[in-house]
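Keep in mind it's a predicted model, so treat the numbers as computed, not measured. Both counts, for ligands and for their atoms, begin at 1 and track the order of listing.
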Amino acid sequence: MNTIADLRSDTVTRPTAAMRAAMMAAPLGDDVFGDDPSVVALQDKLATMLGFEAALFVTSGTQSNLCAILSHCQRGDEYIVGQFAHCYRWEGGGAAVFGSVQPQPLTHQADGTLSLADIAAAIKPDDAHFARTRLLALENTLGGKLIPYDYLVQATELAKAHGLQTHLDGARLFNAATVQATLTGGTVQAEARRIAQSFDSVSVCFSKGLGAPVGSVLCGSRDLIARAHRVRKMAGGGMRQAGILAAAASYALDHHVARLADDHALAKRLAEGLGDIAELVVEPPHSNIVFVDLTETVRPRAEELIAFLKSRQILITGLYRLRFVTHLDVNADDIDRTIAAVHDFFGG
Ligand SMILES: *Cc1c(COP(=O)(O)O)cnc(C)c1O
């Protein structure tokens, strides 16, 4: 048994036995020829579920966002995006490097949204001085936060009123839909579709909380996906018998969406368990990510705490803030052990 509680990311999951069986059983073909039935089935399944004409299986969330941005934009265009959005901050500047597409980053509000006034002010007039503002790219969940549905509608309507395209980095769309379903009483699938339908394109990761080893899917119109298909090829993402991976994603869609609520419950349990430690400021989690800040006096001890937890077989990250992520391979014992270890570190 795996005795390590790996809370660094929901990407660390390993395929379950049942997922591996589905992968082994998948019918395969050469997807560059469009011949892989398992890839086609996954693309059709997600496009139908989210209400799009077409979809494209890609190697990663980063490649998916790159395909989307380079399909919506031309050289010299720009996309409006949050400072902390993955497709601005965490993707090596790919849209600028490969597409000559300039980001226009905006500061987030406390709830993770970009203010409508800031978006409106960032849309450039048609003038030779400016890059052409072409796209608004949002993310949901963002750092584990659910972005309010009403806001998504307002922001995308504002963008459309100015002739902009809209893209959602929904790497964790099903986490967002899971939280939203608890607010509306709808099904997770219906909420995922409702969120997605505000956008011209949506990217979903299968290698995060959904527990597949590899892969993301980009959804959009038939024309957009045809352009994205070309970008994917240029980016070296044309895969051959990729159905062995697509089958894992299909399995995840069928079997691992409903259980995301368990991850969210464990994240809450962790946040509550750490909540009484005076040295910590714990942000109440919406979904499966718990951010924790050390108070001023103990802030220099962040590395020490991470090392201490590691000595207890508990892994977390602390790039900006301490981050604990729950997923398929984390159980209640892991969480209780983590709570106890952090208490031990602070001597209580
Ligand atoms: C992880 C992540 C990605 C990128 O996924 P990779 O598969 O690691 O390239 C994109 N967007 C968001 C919001 C993510 O969390």
Asker: Among R323, R172, K208, find the residue that satisfies the salt bridge (Lys or Arg N to Asp or Glu O under 4.0 Å) test when tested with D10.
Answerer: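 Answer to the salt bridge (Lys or Arg N to Asp or Glu O under 4.0 Å) test with D10 among R323, R172, K208: R172.
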Asker: When you check the side-chain N and O atoms of T166 and D200, is any donor under 3.5 Å from an acceptor?
Answerer: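 On atom types as modelled, these side chains qualify, holding a pair under 3.5 Å.
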Asker: Please check if any side-chain donor atom of T113 sits under 3.5 Å from a side-chain acceptor atom of Q109, or the reverse.
Answerer: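 The answer is no; no qualifying pair exists.
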Asker: Would you mind listing every ring-ring contact (aromatic ring centres under 6.0 Å, His included) that reaches into residues 219-270, with sequence neighbours excluded?
Answerer: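 Residue pairs with at least one partner in residues 219-270: Y251-H255, Y251-H256.
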Asker: Does a side-chain N-to-carboxylate-O contact under 4.0 Å join D293 and R299?
Answerer: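 Salt bridge: no.
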Asker: Sort out the contact shell of ligand 1: every protein residue with a heavy-atom distance below 4.0 Å, listed by chain and number.
Answerer: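 Close residues (ligand 1, cut-off 4.0 Å): S60, G61, T62, N65, H86, E91, E139, D169, A171, R172, C205, K208.
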Asker: Walk me through it: do S64 and S216 pass the test side chain to side chain donor-acceptor pair (under 3.5 Å)?
Answerer: CA-CA 7 Å; S64 194; S216 287; 5.3 Å; no
